Asker: 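There's a structure below that I have some questions on.
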Amino acid sequence: ELKKIPTLRSMNNKLREDANNLERNVDQLSDAIDILEPEADRAAEVEGNLRKIADKQHVNVDKLVDLVKENEHILVDMRHNLRKRIVQDITAIVMK
């Protein structure tokens, strides 16, 4: 049993070292939380303000969404027309 004591002592030291490392990590995380907490509060406040604006301008938000969708369709059409134009130009060059 005396032979086991150095091994137990070594394991105890390793566990103590791990506990100290974990404690340092907890302290670092606590510091990070303290730094980020005001940012989270500000973000929540901004989100609340944006929700209020969106509620007040509900019609405008819907109109904006419709315009974005319309713009997407226009861009698709423009790409399609551009591809057609490129094919026409290449065909004209080849025919010369």
Side-chain angles (χ1 to χ4, degrees):
E1 284 189 28
L2 291 176
K3 292 179 182 178
K4 292 182 181 179
I5 290 177
T7 302
L8 291 175
R9 195 171 282 145
S10 174
M11 286 177 57
N12 189 29
N13 288 338
K14 177 66 174 146
L15 289 173
R16 187 175 293 125
E17 182 182 326
D18 289 346
N20 289 337
N21 287 337
L22 289 172
E23 189 173 342
R24 278 192 295 276
N25 289 339
V26 167
D27 289 342
Q28 289 174 348
L29 288 173
S30 293
D31 291 344
I33 289 170
D34 291 343
I35 291 169
L36 292 174
E37 198 167 11
E39 294 295 325
D41 292 342
R42 275 185 285 220
E45 184 180 340
V46 168
E47 180 184 2
N49 290 337
L50 290 174
R51 285 187 188 279
K52 288 177 188 176
I53 291 169
D55 289 342
K56 287 180 184 176
Q57 299 180 356
H58 186 70
V59 174
N60 292 338
V61 172
D62 290 340
K63 181 66 175 169
L64 181 61
V65 169
D66 290 341
L67 289 171
V68 168
K69 288 179 182 178
E70 181 182 349
N71 186 52
E72 182 180 357
H73 293 294
I74 291 170
L75 289 173
V76 167
D77 290 343
M78 288 173 65
R79 283 188 203 103
H80 182 70
N81 290 337
L82 182 59
R83 284 187 185 112
K84 281 183 175 180
R85 179 63 189 195
I86 291 170
V87 169
Q88 288 174 350
D89 290 348
I90 291 173
T91 303
I93 291 169
V94 169
M95 299 293 276
K96 287 184 181 182

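Not measured: the values here are computed from a predicted model.
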Asker: Can you tell me how far CD of Glu23 sits from CG of Asp27, rounded to the nearest 0.5 angstrom?
Answerer: 6.0 Å
Asker: Would you give me the side-chain donor-acceptor pairs under 3.5 Å for residues 67-74, sequence neighbours excluded?
Answerer:
none

Asker: Can you measure from CG (Asn12) to OG1 (Thr7) and round to the nearest 0.5 angstrom?
Answerer: 12.5 Å
Asker: Go through the structure and list residues passing side chain to side chain donor-acceptor pair (under 3.5 Å) with Glu39, not counting sequence neighbours.
Answerer: Arg42
Asker: Which residues pass the side chain to side chain donor-acceptor pair (under 3.5 Å) test with Gln28, not counting sequence neighbours?
Answerer: none
Asker: Got a second to check how far Ile35's CD1 is from Ser30's OG, nearest 0.5 Å?
Answerer: 11.0 Å
Asker: Distance from Asn81 atom CG to Ile86 atom CD1, nearest 0.5 Å?
Answerer: 11.0 Å
Asker: Using side chain to side chain donor-acceptor pair (under 3.5 Å) as the criterion, list what pairs up with Asn13, not counting sequence neighbours.
Answerer: Arg16
Asker: Applying salt bridge (Lys or Arg N to Asp or Glu O under 4.0 Å) as the test, list every pair that has at least one member in residues 75-88; sequence neighbours left out.
Answerer: Arg85-Asp89
Asker: Walk me through whether Asp41 and Glu45 qualify under side chain to side chain contact (heavy atoms under 4.5 Å, CB included).
Answerer: CA-CA 6 Å; Asp41 292 342; Glu45 184 180 340; over 6 Å; no
Asker: About how many Å separate CG of Leu29 and CG of Asp34, when rounded to the nearest 0.5 Å?
Answerer: 11.0 Å
Asker: By salt bridge (Lys or Arg N to Asp or Glu O under 4.0 Å), which residues pair with Lys14, not counting sequence neighbours?
Answerer: Asp18
